[in-house]
Amino acid sequence: MSPPNDTNIEALTFFLIGIPGLERIHPWISIPFSSVYLLSLLGNCTILFFIKTEPSLHEPMYYFLSMLSVSDLGLSLSSLPTTLGLLLFDVREIHAAACFAQEFFIHLFTVTETSVLSVMAFDCYVAIRNPLRYSIILTNSRVIKTGILLTSKNILLILPLPFLLQRLRYCHQKLLSHSYCLHQDVMKLACSDNRVNVVYGLCAALSTMLDLAFIAFSYIMILKTVLGIATPREQLKAFNTCISHICAVLIFYVPMLSAAMLHRFARNVSPMIHILMADVFLLVPPLMNPIVYCVKTRQIREKLVGKFCPKKS
């Protein structure tokens, strides 16, 4: 028996949702959304520009920071077209192929961010544990190989998701829960068996939890090392090198875990809360990470101030 015509991927379309009950003011809501996107793009491009053009920033920790900025840019650019298209022009339809591509990139850059944050935690540990051998342990070639390895691993992990969605049959309900496509959101619309999607989606989500576990283990080792330092002043100085990374971890994982907890244990909560939490998860980290690193990292702060407020001769 052949599937219904509306399950043909070439003709299949989904319908996005904005913020329920606030459809009339979507153009006004687009103003803060557009501002956040613009600031995110500007902030991350600024960090990438300084790291590329300033020889003094050509060090492993800044290369990892550039990887974080690239993943933040990817997250912003992946959701930007459909979100602003819906809020500004009420474009709700999205072709299945475009939807599957969007969910691939959103999930790819999400797991890439968790991988980069885990590697940055190891970078902090090495900088505190063996500061004199830091440049020997984390050479530029090793950083490049790490970046290639993480990118390859994450692509191979996320690549099956759109193909798993493509094999499903979709019947009448095609309304998505957000202004962009997510794997778990699309697979719920299937009227065929989606157990493979559920299991593989859980495996992909598990990789982010493994990265979080590695980050926690790294900070246990960092804390153990810091407490072994002689004076409180030296302890504070050593721990201060990790403040920016701790903020980045909290900025990323708190919204993600909060959205997951709401989805799992608070299903009776207003759909608007779920939508806002999902938007916060995609919007806040790319916006806040450049601000945190510009404020807390002296080298970047000095370069930024020097560019925009040059000293008078």
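- The six-membered or imidazole ring of F14 lies near that of Y170, with a centre-to-centre distance under 6.0 Å.
- Not less than 2.5 angstrom separates the SG atom of C124 from that of C242.
- The closest donor-acceptor contact from the side chain of H26 to the backbone of L88 lies at 3.5 Å or more, if one exists at all.
- S78 and Q102 form no side-chain donor-acceptor contact under 3.5 Å, judged by distance and modelled atom types alone.
- Within the 4.5 Å cutoff, the side chain of C99 has heavy atoms near those of the L176 side chain.
- Residue-environment remark: CZ (F239) stays at or below the threshold of 12 foreign heavy atoms within 6.0 Å.
- Counting only N and O atoms by type, the side chains of Y293 and H245 include no donor and acceptor under 3.5 Å apart.
- R142 contributes a side-chain N or O that, together with a main-chain N or O of I137, makes up a donor-acceptor pair within less than 3.5 Å.
- Distance alone, capped at 3.5 Å, is enough to place a donor-acceptor pair between the N194 side chain and the M187 backbone.
- Remark: side-chain polar atoms of S207 are paired, donor with acceptor, to backbone N or O of A204 under 3.5 angstrom.
- Atom CD of residue E59 and atom CG of residue D123 lie 10.0 Å apart, to the nearest 0.5 angstrom.
- Linking Ile, Leu, Val, Met, Phe, Trp and Tyr residues whenever their side-chain heavy atoms come within less than 4.5 Å places L84 and L16 in a single cluster.
- Between E113 and N154, the side chains place no donor N or O within less than 3.5 Å of an acceptor N or O (distance only, hydrogens not considered).
- Proximity of a side-chain donor or acceptor of T241 to a complementary backbone N or O of K237 within less than 3.5 Å is not detected.
- More than 12 heavy atoms of other residues, nucleotides or ligands shown are found within 6.0 angstrom of OH on Y63.
- Ring geometry for H178 against Y180 counts as parallel: the plane angle stays under 30°, on a 0 to 90° scale with 60° as the upper cut.
- For the pair T46 and P290, the minimum side-chain heavy-atom distance is 4.5 Å or more.
- Donor-acceptor pairing under 3.5 Å is recorded for the side chains of S79 and Y37.
- When atom types are taken as modelled, the side chain of D185 and the backbone of S177 share a donor-acceptor pair closer than 3.5 angstrom.
- With hydrogens and angles disregarded, no donor-acceptor distance shorter than 3.5 Å links the side chain of R169 to the backbone of S192.
- Looking only at distances, no side-chain donor or acceptor of N130 sits under 3.5 Å from a matching main-chain atom of V126.
- In this structure, the side chain of H274 does not engage the main chain of A259 through any donor-acceptor pair within 3.5 Å.
- Side-chain heavy atoms closer than 4.5 Å link hydrophobic residues (I, L, V, M, F, W, Y) into clusters, and following such links, possibly through other members, connects Y200 to I155.
- For F281 and F252, the ring centers are positioned less than 6.0 Å apart.
- With values rounded to the nearest 0.5 angstrom, L175 atom CG is found 12.5 Å from K188 atom NZ.
- The closest side-chain heavy-atom distance from F109 to F105 is below 4.5 Å.
- Both F33 and M272 belong to a common hydrophobic cluster when Ile, Leu, Val, Met, Phe, Trp and Tyr are linked at side-chain heavy-atom distances under 4.5 angstrom.
- The environment of CZ in R129 is sparse: at most 12 heavy-atom neighbours from other residues, nucleotides or ligands sit within 6.0 Å.
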Practice problem: Under the side-chain hydrogen bond (donor to acceptor under 3.5 Å, both in side chains) rule, what do Y62 and Q299 come out as? Steps first, then yes or no, please. | Solution: CA-CA 10 Å; Y62 298 110; Q299 292 88 336; 3.0 Å; yes

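- Between S258 and M277 there is a side-chain heavy-atom pair separated by less than 4.5 Å.
- In this structure, K145 places its NZ atom where only 12 or fewer heavy-atom neighbours from other residues, nucleotides or ligands lie under 6.0 Å away.
- A donor and an acceptor atom, one from each side chain of T208 and T114, are nowhere located under 3.5 Å apart.
- For N44 (side chain) and P286 (main-chain N/O), a donor-acceptor pair under 3.5 Å exists by modelled atom type.
- K174 and T13 share no donor-acceptor pair across their side chains, judged by distance under 3.5 Å alone.
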